[in-house]
Amino acid sequence: MALETKIMLLVALLFFSLSHSEALKSKTNITRLQFYMHDVVRGPNATAVRVAGRANFTSPNPIEAMFGSIFVMDNPLTVSPDPNSTVVGRAQGIYAMSSQQNEFSLLMTLTYAFISGPYNGSSFSVVGRNPVMSEVREMPVVGGTGIFRLARGYCLAKTHSMDQMDAIIGYNVTLLHY
């Protein structure tokens, strides 16, 4: 192939790449969500269940005692912190107790699926570290479906209330999607 032909192909490819990139940028939507997740570990109506890991009851450190525990969850998402408020979705996935030392942190892989309202049938997924005792935790959004197809963004989680292991967590989420 002649040098001139190669240069022309390279320029055409570069032009196509830039125009495609600009087209994607112009179609990006931003959605901001706020909801509350109810994580119930105790009692007959538990929404998160320990499925693996050891319980080291000989350790005086409760963080070390739970290290390695894995939970599967199907937590309700509501419009307010009141457990009886409107359920808009479910947080489904796995979290693991992932720290051994003085910081209580989880490794989370969760999908937030909406079952009512304007986002019904859509979901987004979060994978990341959650240092539970920090006032506000930031976690990455790594994908989505439905309205949130190809989502990326972040969520800020803040504990609203806690009773031993049960918690109500407020979420503020910013999603970029097409």
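Since we're looking at a predicted model, the values are computed, not measured. The chain is numbered in sequence order, starting from 1.
The side-chain heavy atoms of H160 and Y36, taken from C-beta on, include a pair separated by under 4.5 Å. Counting only heavy atoms from C-beta outward, the side chains of L176 and N29 never approach each other to under 4.5 Å. Within the 4.5 Å cutoff, the side chain of F124 has heavy atoms near those of the V173 side chain. Looking at heavy atoms from C-beta onward, D74 lies out of side-chain contact with T47 at the 4.5 angstrom threshold. Here the side chains of Y178 and T28 are in contact, with some heavy-atom distance below 4.5 Å. For the pair M139 and Y154, the minimum side-chain heavy-atom distance is 4.5 Å or more. In this structure the side chain of T78 never reaches within 4.5 angstrom of the side chain of T86, judged on heavy atoms. Side-chain atoms of F71 and I94, non-hydrogen and from C-beta on, never get closer than 4.5 Å to each other.
Residues P140 and V127 approach most closely at CG-O, 3.1 Å, considering heavy atoms. Minimum heavy-atom separation, A48 to N75: N-OD1, 4.1 Å. Closest approach of L175 to A151, counting heavy atoms only: CD2-CB, 4.4 Å. Closest approach of S98 and L106 over heavy atoms only: OG-C, 3.5 Å. Considering all non-hydrogen atoms of both residues, Y171 and M108 come closest at OH-CE, 4.0 Å. Residues M73 and L110 come closest through the heavy atom pair SD-CD2, 3.4 Å.
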Decide yes or no on side-chain contact (heavy atoms from CB on, under 4.5 Å) for L107 and T109, but give the supporting numbers first. CA-CA 7 Å; L107 173 61; T109 175; over 6 Å; no
In sequence, state the C-alpha distance, the side-chain angles, and the governing distance for V141 and R152, and then conclude on side-chain contact (heavy atoms from CB on, under 4.5 Å). CA-CA 5 Å; V141 172; R152 61 194 188 284; 5.6 Å; no
Go through V88 and V79 one step at a time and tell me if the side-chain contact (heavy atoms from CB on, under 4.5 Å) criterion holds. CA-CA 7 Å; V88 295; V79 297; 3.5 Å; yes
Test ring pair (Phe, Tyr, Trp, His ring centres under 6.0 Å) on Y119 and F148 and set out the steps. CA-CA 9 Å; Y119 309 118; F148 304 132; 5.2 Å; yes
Which is it for Y95 and D39 under the side chain to side chain donor-acceptor pair (under 3.5 Å) test, yes or no, and what are the steps along the way? CA-CA 11 Å; Y95 61 89; D39 189 47; 3.1 Å; yes
What verdict does the side-chain contact (heavy atoms from CB on, under 4.5 Å) test give for L77 and R90, after you've listed the backbone C-alpha separation in whole Å, the side-chain angles of each residue and the deciding distance to 0.1 Å? CA-CA 5 Å; L77 305 176; R90 309 292 300 184; 5.6 Å; no
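Taking a 6.0 Å sphere around CZ of R42, one finds it holds more than 12 heavy atoms contributed by other residues, nucleotides or ligands. Around atom CE of M133, no more than 12 heavy atoms belonging to other residues, nucleotides or ligands sit under 6.0 Å away.
In this structure a side-chain-to-backbone donor-acceptor pair under 3.5 Å is present from D166 to V41. No donor-acceptor pair under 3.5 Å is formed between the side chain of S105 and the backbone N or O of N130. Between the side chain of H38 and the backbone N or O of A167, no donor-acceptor pair lies under 3.5 Å.
If you check the side chains of T111 and S123, you find no donor sitting under 3.5 Å from an acceptor. Side-chain contact, T159 with R137: a donor N or O sits under 3.5 Å from an acceptor N or O.
The CD atom of Q34 lies 11.0 Å from the CG atom of L156; values are rounded to the nearest 0.5 Å.
Taken together through direct or relayed side-chain contacts under 4.5 Å among Ile, Leu, Val, Met, Phe, Trp and Tyr, F104 and I169 form part of one hydrophobic cluster. The hydrophobic clustering, which links ILVMFWY residues whose side-chain heavy atoms are closer than 4.5 Å, places V132 and Y112 together.
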